[in-house]
Amino acid sequence: MNRLRANYDGRVEFFELDVDNPASKAMRDRYGMKAQAIYVLADANGGELFRWFGVLNEATVITAFDGVVG
């Protein structure tokens, strides 16, 4: 994830939603996140574009990011 953050800095905003942190509950509820290892790529309005579960395949995520932000 750190490499993705570095490569997309300024073009993608990353949020980490800790299931044990009550402050993240509203956003977790918005995307139906009930467990760990769920990742969502959303547009600027919060609309869900992609969703991944478990271990991320970096190439798949890069393809999705590039398709959205170029």
All N/O donor-acceptor pairs, side-chain side in residues 43-52, below 3.5 Å, sequence neighbours left out:
unit_1 : atom_1 : unit_2 : atom_2 : d
Asp43  : OD1    : Asn45  : N      : 2.9
Asp43  : OD1    : Gly46  : N      : 3.0
Asp43  : OD1    : Gly47  : N      : 2.7
Glu48  : OE1    : Arg51  : NH2    : 2.8
Glu48  : OE2    : Arg51  : NE     : 3.0
Arg51  : NH1    : Tyr31  : O      : 3.2
Arg51  : NH2    : Tyr31  : O      : 2.4

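Two residues are said to be in side-chain contact when any heavy atoms from C-beta on lie closer than 4.5 Å; Met33 and Val19 fail this criterion. Annotation: side chain of Phe14 is in contact with side chain of Val12 (closest heavy-atom distance under 4.5 Å).
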Start with the C-alpha gap between Lys34 and Asp29, add the side-chain angles, then the distance that decides, and say whether side-chain contact (heavy atoms from CB on, under 4.5 Å) holds.
CA-CA 8 Å; Lys34 306 283 186 216; Asp29 287 349; 4.2 Å; yes
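Under a hydrophobic clustering in which Ile, Leu, Val, Met, Phe, Trp and Tyr are joined whenever their side-chain heavy atoms come within less than 4.5 Å, directly or via other members, Val68 and Val61 fall into the same cluster. In this structure, Phe53 is a member of the same hydrophobic cluster as Val40, with clusters built from ILVMFWY side-chain heavy atoms closer than 4.5 Å.
Listed by first then second residue, pairs satisfying salt bridge (Lys or Arg N to Asp or Glu O under 4.0 Å) with a partner in residues 9-23 read Arg5-Glu16, not counting sequence neighbours.
Legend: residues meeting ring-ring contact (aromatic ring centres under 6.0 Å, His included) with Tyr8, ordered by chain and number and at least two apart, are Phe65.
Considering all non-hydrogen atoms of both residues, Ala59 and Asn57 come closest at N-OD1, 3.0 Å.
Annotation: the span from Leu4 atom CG to Leu56 atom CG amounts to 7.5 Å, rounded to 0.5 Å.
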